[in-house]
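All remarks here apply to the structure that follows.
Here the structure is a predicted model, which is why all the values come from computation and not from measurement.
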Amino acid sequence: MGRYLATRLAQAVGVLWAAYTVSFIVLYALPGDPAQLMAGADANDITPEQLDALRAEHGLDRPLVVQYFSQLAGLFRGDLGQSISTGRPAADLIVEAIPPTVQIAAAGLLLAIVLGGGLAIAATYTRFRGLGQLLLGLPPLGVAIPAFWFGLLLIQWFSFTLPIFPAMGNKGFASIVLPAITLAVPTGATIAQLLSKSLATTLREPYIDAVWAKGAGRPRVFFSHALRNAALPALTMTGLIVGQLLSGTVVTETVFSRPGLGRVTASAVQTQDIPVVQGIVIFAAVVFVVSNLLVDLAYPLLDPRVVTGRRRGTTTPRGTSGRGGAAPASEVGPARSSTSEVAVLHGGAA
């Protein structure tokens with residue numbers, strides 16, 4: 001396990017470096033002059049000498065290679081630099097924007113898991129074929145609905161027509177409900193698609209037939225045996241969706257006029273505020289890496305046979321006997337290998 005964690009940490013560092021480098025290249029490739037954007041409406045009244053002084057103040061007059069390594073060195077020291085548009089430390093702007101975003105992202109993820117998982121279980125468990133087909137037709141609709149349009153629709157219904165929830169701002173629990181639903185619908189639809197497909201596949205496994213042959217009831221077969229194995233690929237997707245939720249907050253926070261990382265990101269991109277954008281990219285990459293590491297570590301809780309092997313990329317199923325013979329499939333179910341393998345095997349279901 002120690003070697004596995006060390007490998008994953010090394011991979012995490014590589015992901016963070018790649019995210020930082022790509023964001024740096026993309027931001028500098030954008031058209032426009034950050035110095036003129038800083039000047040704002042007064043840019044036409046500023047002399048070229050004043051613009052040069054502004055560039056020198058923020059280090060924008062140095063070669064790109066020098067700027068890259070200078071900012072990278074500051075990142076290792078925990079210094080993201082000064083915001084070009086506000087002059088405040090970029091880290092302070094990001095830290096202040098995190099709590100409101102975490103509120104709607106966490107609520108949206110929890111709601112997506114409950115709605116998506118419940119829909120998939122109901123569609124697969126029901127004995128009525130027509131009802132199951134109807135429920136399975138809802139997730140594609142949820143994925144196809146544009147988030148901004150759905151958010152505006154919720155505002156029209158539950159803020160203006162029925163004044164139940166506030167239409168904008170960050171004023172307690174009531175202001176979280178509509179943004180969380182906006183984030184949860186496409187996310188929950190994705191989870192429902194994957195889990196329902198995985199459940200249907202798992203219920204056709206030979207070990208399920210063996211459980212039926214032992215006289216187990218339908219609830220026990222479904223919830224104790226099938227659901228536990230079918231949840232593995234859905235758990236993988238949930239880890240990936242955590243990063244997608246952060247990107248979804250850009251639209252959601254704009255629609256509901258909420259403070260948070262989404263609005264800070266949109267404003268920073270518009271003004272080419274490079275330190276702020278890169279800080280947000282690093283934060284998002286850290287969340288993505290940590291969430292996927294937690295998903296990997298959670299696998300043994302659902303399937304105790306999944307144990308990280310000593311060699312890289314290998315696992316040892318605990319369902320094998322001590323003499324080297326494999327345990328019967330009816331006792332242990334289908335073997336699982338690793339997070340990456342499960343994602344590949346079930347990727348088409350998403």
Find out whether [X] and [Y] are in side-chain contact, i.e. whether some heavy atom of one side chain is under 4.5 Å from a heavy atom of the other.
X	Y	result
Ile94	Leu80	yes
Tyr68	Ile25	no
Phe173	Phe165	no
Val255	Ile155	yes
Phe24	Leu72	no
Leu162	Trp157	no

Please tell me whether [X] and [Y] are part of a single hydrophobic cluster in this structure, the criterion being side-chain heavy atoms less than 4.5 Å apart.
X	Y	result
Leu152	Trp149	yes
Leu110	Ile113	no
Val143	Leu115	no
Val13	Val289	no
Ile181	Val102	no

Could you tell me whether a side-chain N or O of [X] sits under 3.5 Å from a main-chain N or O of [Y], the two making a donor and an acceptor?
X	Y	answer
Ser159	Gln156	no
Ser291	Phe288	yes
Thr124	Ile121	no
Thr201	Lys197	yes
Ser198	Ala230	yes

Exercise. Tell me, which pairs form a ring pair (Phe, Tyr, Trp, His ring centres under 6.0 Å) where one or both residues lie in residues 84-140, sequence neighbours left out?
Worked result: Tyr125-Phe222, Tyr125-Phe223
For this session: Scan residues 71-111 for pairs that pass ring pair (Phe, Tyr, Trp, His ring centres under 6.0 Å), counting only residues two or more places apart or in two chains.
Result: none
Any chance you could measure [X], atom [atom1], to [Y], atom [atom2], to the nearest 0.5 Å?
X	Y	atom1	atom2	value
Leu183	Thr101	CG	OG1	9.5 Å
Phe150	Thr252	CZ	OG1	10.5 Å
Tyr207	Thr202	OH	OG1	5.5 Å
Leu109	Ile104	CG	CD1	12.5 Å
Leu119	Ser196	CG	OG	7.5 Å
Thr249	Leu261	OG1	CG	6.5 Å

Problem set entry | salt bridge (Lys or Arg N to Asp or Glu O under 4.0 Å) partners of residues 252-269, not counting sequence neighbours, each pair once | none
Problem set entry | Result of checking Val286, Val287, Ile280 against Phe283 for side chain to side chain contact (heavy atoms under 4.5 Å, CB included) | Val287
Seminar exercise, completed: Those residues at least two apart in sequence (or on a different chain) that pass side-chain contact (heavy atoms from CB on, under 4.5 Å) with Arg88 are Thr86, Asp92, Leu93, Glu96
Exercise. In chain order, what residues pass the side-chain contact (heavy atoms from CB on, under 4.5 Å) check against Ala284, with sequence neighbours excluded?
Worked result: Leu246
Quick one: closest heavy-atom pair of [X] and [Y], and the distance?
X	Y	answer
Gln193	Pro139	CG-CB, 3.4 Å
Val221	Ala216	CG2-CB, 3.8 Å
Val250	Thr254	O-OG1, 2.7 Å
Gly172	Ser175	O-OG, 2.7 Å
Ala107	Ile176	CB-CG2, 4.1 Å
Ala19	Val281	O-CG1, 3.7 Å

For this session: Give me the other members of the hydrophobic cluster that Val22 sits in, counting Ile, Leu, Val, Met, Phe, Trp and Tyr linked by side-chain heavy atoms under 4.5 Å, directly or via other members.
Result: Val26
For this session: Might you confirm whether atom CZ of Arg129 has over 12 heavy atoms from other residues, nucleotides or ligands at distances under 6.0 Å?
Result: no
For this session: Could you tell me whether Trp212 atom CH2 has more than 12 heavy atoms of other residues or ligands within 6.0 Å of it?
Result: yes
Exercise. Would Phe148 and Thr182 count as a side-chain contact (heavy atoms from CB on, under 4.5 Å) if you check the C-alpha gap in whole Å, the side-chain angles of each, and the deciding distance to 0.1 Å?
Worked result: CA-CA 8 Å; Phe148 74 90; Thr182 304; over 6 Å; no
For this session: Could you walk me through whether Arg127 and Arg218 pass side-chain contact (heavy atoms from CB on, under 4.5 Å), step by step?
Result: CA-CA 11 Å; Arg127 295 179 183 272; Arg218 192 163 184 264; 3.1 Å; yes
Exercise. If we ignore angles and hydrogens, is there a donor and acceptor under 3.5 Å between the side chains of Ser83 and Asp273?
Worked result: yes
